[in-house]
Amino acid sequence: MNSADLFQRSLVVSPGGVHSPVRSFRSVGGNPIFFAKSQGAYIESVEGKRYLDFCMSFGPMLLGHRDPEVTEAVHRAVDTAWALGTCEPYSLELSEWLIERLPFVDKIRFVSSGTEAVMSALRVARGARGRSLILKFSGCYHGHVDSLLVRAGSGLAGIGSSDSAGVSAATAAETLVCPLDNEAELENIFNMYGSQIAAAIIEPLPANYGLLIQRPEFLQRLQALCRKHGSLLILDEVISGFRVGLTGMAGLLGLDPDLVCYGKIMGGGFNVGAYGGKREWMDLVAPLGPVYQAGTLSANPVGMIAGLVTLKKIERLNAWGEIEQRAKRFEQFFADAQSKHNLHISVVRQGSLFWLLPNPQGPIRQLTDIPEGLAGWYKGIFHQLLNAGIYLPPSAYEVGFLSMAHTDSELERLALGLVDAARECS
Ligand code: PLP
């Protein structure tokens, strides 16, 4: 078995040979590698080559691949609890654990993906407010929900047009798009459409078009405008939830969202998403209220058990503090290694998320700040590192992920690999 043959076969049976677009290596060129094994910070290709992984399944693996405690719990779940469609104690335990810790979540509903969580939260907001417009921000990704596959509106308060075929103009027209980091445009949009906006949704740490760290004042202004105009504030913490800290960006910045969406880490690597928030809104959800939302696979016991064990372990180890210390040592080591060769790669980082850029930059907070030529530069770096057995996300605009399984020596290997790659590419 080799990756090239498997990819040729996959091209026949699946669109682009993949089951989610970024996996295809389209933006870095070449054919994707097929991986058959994973452990800790490593993934192993079908050819038997081990790669040090910084893509980490795009986010769920804060403890590393196949953490032993999670693995043991999953075995237990499969052996005992693998039934669906009835009430069970596992989702209750996870709900209670979460609600005890998340001050802005009174009630929670589990679904099977981040996309589903966002889609459901939008429905609750529309049901709550009896309004149809949703405000989103350029560059924020919220899963493949029809109405949110809209990035850039034209003009000041643009009504969106979709980035994807298959989304009706009527659906796209229910989405307003505002640039990140721009209070003036935000005010304009609320002044023009405020009474029609059911909710504003934002990634409080936008991490799907590079890592566009926002000024807290911008997010606070958004919250204030939502309150003033009676629009719900939905924080999409599918990536940042349980990654930047126990209470996510909401907790770090002291925000008070109406609804929050989770996924990734919360399922410990299994198919789990969730939306939750204030009782007033969550009590609108069926069977209690008129907003219908359901799922055969919702709250699947394997995901519930894996999620709870993952979250408890992260809390017990204070994984956030530990990874922060390691990341700081990495930054220092990398800076020293670069200065020996007069290199200037910059690393934008928040907690265990990082994004690589070719040169020192001022703060990059919105799409127009992103330097031109990034994709071409990254392509070279990506393939050099791949040859050296280091797997970065296969797109210049995807962020890298650190985990508890990345020790100092793995991080030093990344730093030295980047230096070598940059020298080869220059
Ligand atoms: N929201 C954010 C911020 C995401 O990053 C993603 C996925 O990457 C989603 C929603 C969608 O989650 P899923 O891929 O589980 O549907």
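We're numbering straight along the sequence, starting at 1.
Note that NZ of K37 and CD of E44 are 4.5 Å apart. Values are rounded to the nearest 0.5 Å. To the nearest 0.5 Å, atoms CG (L52) and OH (Y42) are separated by 4.5 Å. Between L219 atom CG and F137 atom CZ the span is 8.0 Å, to the nearest 0.5 Å. Between the CG atom of L135 and the SG atom of C178 there is a distance of 6.0 Å, given to the nearest 0.5 Å. Here the NZ atom belonging to K264 is positioned 13.0 Å from the CG atom belonging to L62, to the nearest 0.5 angstrom.
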### Query
Can you list the steps and then say if Y275 with F110 is a ring-ring contact (aromatic ring centres under 6.0 Å, His included)?
CA-CA 7 Å; Y275 64 101; F110 293 115; 9.7 Å; no

### Task
Give the C-alpha distance, both sets of side-chain angles, the deciding distance and a yes or no for ring-ring contact (aromatic ring centres under 6.0 Å, His included) between Y397 and Y378.
CA-CA 9 Å; Y397 303 100; Y378 186 82; 8.5 Å; no

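One side chain, R243 or S352, offers a donor N or O that lies under 3.5 Å from an acceptor on the other. The closest side-chain donor-acceptor pair between N191 and N188, if any, does not fall under 3.5 angstrom. In this structure, a donor-acceptor pair under 3.5 Å is absent between the side chains of S138 and Q366. Between the side chains of R109 and Q293, at least one donor N or O lies within less than 3.5 Å of an accepting N or O. Defined by atom type and a distance below 3.5 Å, a donor-acceptor pair is missing between the side-chain atoms of Q223 and D256.
In this structure a side-chain-to-backbone donor-acceptor pair under 3.5 Å is present from S113 to E116.
Atom CZ of R227 has more than 12 heavy atoms from other residues, nucleotides or ligands within 6.0 Å.
Between R101 and E315 there is a salt bridge, since at least one side-chain N of the basic residue sits less than 4.0 Å from a carboxylate O of the acidic one.
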